[in-house]
K.L.:
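First the structure, which I've put down as structure tokens, then a few questions once you've had a look.
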Amino acid sequence: ILFFAISLTFLGNSASAITDLRDIDLDLGSISCDSAKSQYGGRYNYIITDYDIYIVVNENNTYKVTEKFDVCFAKQGSHGIYRNIPKKIEGWREDGSRYKTIAIVDDISVSGDKYTKESSASQVSLKIGDPDVIVSNNKQYTISYLYDFGEDKLEGADEFYFNLIGANWDSDVIFLNADYTIHMPKAFKYDQKSLGFSSGPINRSREADVDYEVVGNRKIVGSSNETYPGGEALTIRVVLPEGYYVGAHKESYPFAMLAVAIGAIAAVVSYILFLIFGRDSKIISQVSYDPPKNINPLEFGLLSSSINQN
């Protein structure tokens, strides 16, 4: 299972590789809000009765993600929801190896709703809703965004590794089901070892209870058979042949490089200022001679002259 924690760089023309999304046909509304509130309302304020995610995977390892979900508001007085999209992604594979990458989040849109966007080191946070409107019962939301994972780092193979439901939802949220469609850019071979699902909290994942089908060796469709409280994830991993992704951007750290450059410039400027203004003047000691007590300078001079002559 992936968990999320940093960095945002500028996305180039990755969006040009996106496949047309007009074939999305998501069926919502199978569970009524009243039934959901009677069963889960005492423990959860936000009940996601239907959740559909459609992902178009591009050949350059970018993903166009569309989420459509029905939220049943068990809590009174809500104006909307928060959706946090992680940027730094870390995790562990089934064999114990570590997964770590920095993703770019771009091309965000929210259909039919007001929203504000804030970006931090760890995520992009969407606050969706109208502060002048209170939402009651259920409401449907549609969010889309482009994920750019850059160059695949797995040695000897490529992979598609993605949280269909992230573990970063709040504890007062529960997903009652999940339907997913993943459209890969080209055909791939798979078996039970190379394609799998896991679910559960971070570091305590289990084999997920899901139904799925691979259509034409390119499209993965399926649904879950379990609920997901906030903090639990549903993850898919597909091992792909080396070189499956083509044209992915290489990971860079512009902010770190800028910080190093600024630090180096500051050091040089400080040294120059030290040479100009900060160096202490050289101290030159002066030798002075004072006559002994009770002898004036004239007497001391005569006495010194007499001593030298002798």
K.L.:
Please check: side-chain N/O of Asn84 versus main-chain N/O of Asn168, any donor-acceptor pairing under 3.5 Å?
P.N.:
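Checked: no pair found.
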K.L.:
Give every donor-acceptor pair under 3.5 Å between a side-chain atom in residues 241-248 and any protein atom, sequence neighbours left out.
P.N.:
unit_1	atom_1	unit_2	atom_2	d
Glu242	OE1	Gly156	N	3.4
Glu242	OE1	Ala157	N	2.7
Tyr244	OH	Lys186	N	3.2
Tyr244	OH	Lys186	O	2.5
Tyr245	OH	Glu159	O	3.2

K.L.:
Just to verify, what does Asp209 make a side-chain hydrogen bond (donor to acceptor under 3.5 Å, both in side chains) with, not counting sequence neighbours?
P.N.:
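Partners of Asp209 by the side-chain hydrogen bond (donor to acceptor under 3.5 Å, both in side chains) criterion, ordered by chain and then number, come out as Asn225.
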K.L.:
Per the disulfide (SG to SG under 2.5 Å) rule, what does the pair list look like for residues 42-72, sequence neighbours excluded?
P.N.:
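Sorted pair list: Cys33-Cys72.
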K.L.:
Show every salt bridge (Lys or Arg N to Asp or Glu O under 4.0 Å) that has at least one partner inside residues 118-133, sequence neighbours left out.
P.N.:
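Matches after skipping sequence neighbours: Lys114-Asp130.
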K.L.:
My understanding is that only residues two or more places apart in sequence, or in another chain, count here; which of them pass side-chain hydrogen bond (donor to acceptor under 3.5 Å, both in side chains) with Ser35?
P.N.:
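Once residues adjacent in sequence are excluded, the partners of Ser35 under the side-chain hydrogen bond (donor to acceptor under 3.5 Å, both in side chains) criterion are Ser32.
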K.L.:
Quick one: do Phe162 and Val65 satisfy side-chain contact (heavy atoms from CB on, under 4.5 Å)? Show the steps, please.
P.N.:
CA-CA 11 Å; Phe162 193 81; Val65 182; 4.0 Å; yes
K.L.:
Can you run down the ring pair (Phe, Tyr, Trp, His ring centres under 6.0 Å) pairs that involve residues 197-235, sequence neighbours left out, and say none if there aren't any?
P.N.:
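Only Tyr180-Phe197, Phe197-Tyr212 qualify under ring pair (Phe, Tyr, Trp, His ring centres under 6.0 Å).
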K.L.:
Where the side chain of Asp191 meets the backbone of Lys193, is there a donor-acceptor pair that is under 3.5 Å apart?
P.N.:
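Indeed, once roles are kept as given, a pair shorter than 3.5 Å links the two residues.
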K.L.:
Check ring pair (Phe, Tyr, Trp, His ring centres under 6.0 Å) between Tyr46 and all other residues, then give those that pass, not counting sequence neighbours.
P.N.:
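Partners of Tyr46 by the ring pair (Phe, Tyr, Trp, His ring centres under 6.0 Å) criterion, ordered by chain and then number, come out as Phe73.
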K.L.:
How close do Ala178 and Ile165 get, heavy atom to heavy atom, and via which atoms?
P.N.:
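Looking at all heavy atoms of both residues, the closest pair is CB-CD1, 3.8 Å.
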K.L.:
Consider only side-chain N and O atoms of Lys87 and Ser119, and report whether a donor and an acceptor are under 3.5 Å apart.
P.N.:
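Note: Lys87 and Ser119 side chains meet the donor-acceptor criterion.
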K.L.:
So, Asn61 side chain and Gly150 main chain: donor-acceptor pair closer than 3.5 Å or not?
P.N.:
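Flag set: sc Asn61 to bb Gly150 pair under 3.5 Å.
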K.L.:
Taking the ring of Tyr63 and the ring of Phe160, is the distance between their centroids below 6.0 Å?
P.N.:
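Aromatic pair counts; centres sit under 6.0 Å.
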K.L.:
Only counting residues at least two apart or in another chain, list the ones meeting side chain to side chain contact (heavy atoms under 4.5 Å, CB included) with Arg218.
P.N.:
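Scan of Arg218 (side chain to side chain contact (heavy atoms under 4.5 Å, CB included), adjacent residues dropped) gives His183, Ala187.
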K.L.:
If you take all heavy atoms of Asp152 and Leu154, which pair is closest and at what distance?
P.N.:
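The answer is OD1-N, 3.0 Å.
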K.L.:
Could you report the tightest heavy-atom contact between Ala167 and Ala233, atom names first, then the distance?
P.N.:
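Of all heavy-atom pairs spanning Ala167 and Ala233, the closest is N-CB, 3.8 Å.
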K.L.:
Measure up the Phe69 and Trp169 rings against each other and bin them: parallel (under 30°), tilted (30 to 60°), perpendicular (over 60°).
P.N.:
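Ring orientation of Phe69 relative to Trp169: perpendicular.
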K.L.:
List for me each residue that meets salt bridge (charged side-chain N to carboxylate O under 4.0 Å, His left out) alongside Lys139, sequence neighbours excluded, and say none if there are none.
P.N.:
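With sequence neighbours excluded, Lys139 shows a salt bridge (charged side-chain N to carboxylate O under 4.0 Å, His left out) to Asp113, given in chain and number order.
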K.L.:
With Thr227, which residues qualify under side-chain hydrogen bond (donor to acceptor under 3.5 Å, both in side chains), at least two apart?
P.N.:
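With sequence neighbours excluded, Thr227 shows a side-chain hydrogen bond (donor to acceptor under 3.5 Å, both in side chains) to no residue whatsoever.
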K.L.:
Roughly how far, to the nearest 0.5 Å, is CD1 of Ile143 from CD1 of Ile128?
P.N.:
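Nearest 0.5 Å value for the CD1-CD1 distance: 3.5 Å.
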K.L.:
Supply the atom-to-atom distance Asn138 CG to Ile31 CD1, rounded to the nearest 0.5 angstrom.
P.N.:
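Output value for this atom pair is 12.0 Å.
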K.L.:
Got a donor-acceptor contact below 3.5 angstrom from the Tyr141 side chain to the Gly80 backbone?
P.N.:
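No: the side chain of Tyr141 does not pair with the backbone of Gly80.
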K.L.:
Would you name the heavy atoms of Lys37 and Ala74 that are closest together and state the gap between them?
P.N.:
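Closest approach of Lys37 to Ala74: CD-CA, 3.8 Å.
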K.L.:
For Asp34, what residues pass the side-chain hydrogen bond (donor to acceptor under 3.5 Å, both in side chains) criterion, not counting sequence neighbours?
P.N.:
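So Asp34 forms no side-chain hydrogen bond (donor to acceptor under 3.5 Å, both in side chains) with any residue.
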K.L.:
Strictly by ring pair (Phe, Tyr, Trp, His ring centres under 6.0 Å), give each pair with a member in residues 100-126 just once, sequence neighbours left out.
P.N.:
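Checked against ring pair (Phe, Tyr, Trp, His ring centres under 6.0 Å) - neighbours excluded - no pair reaches residues 100-126.
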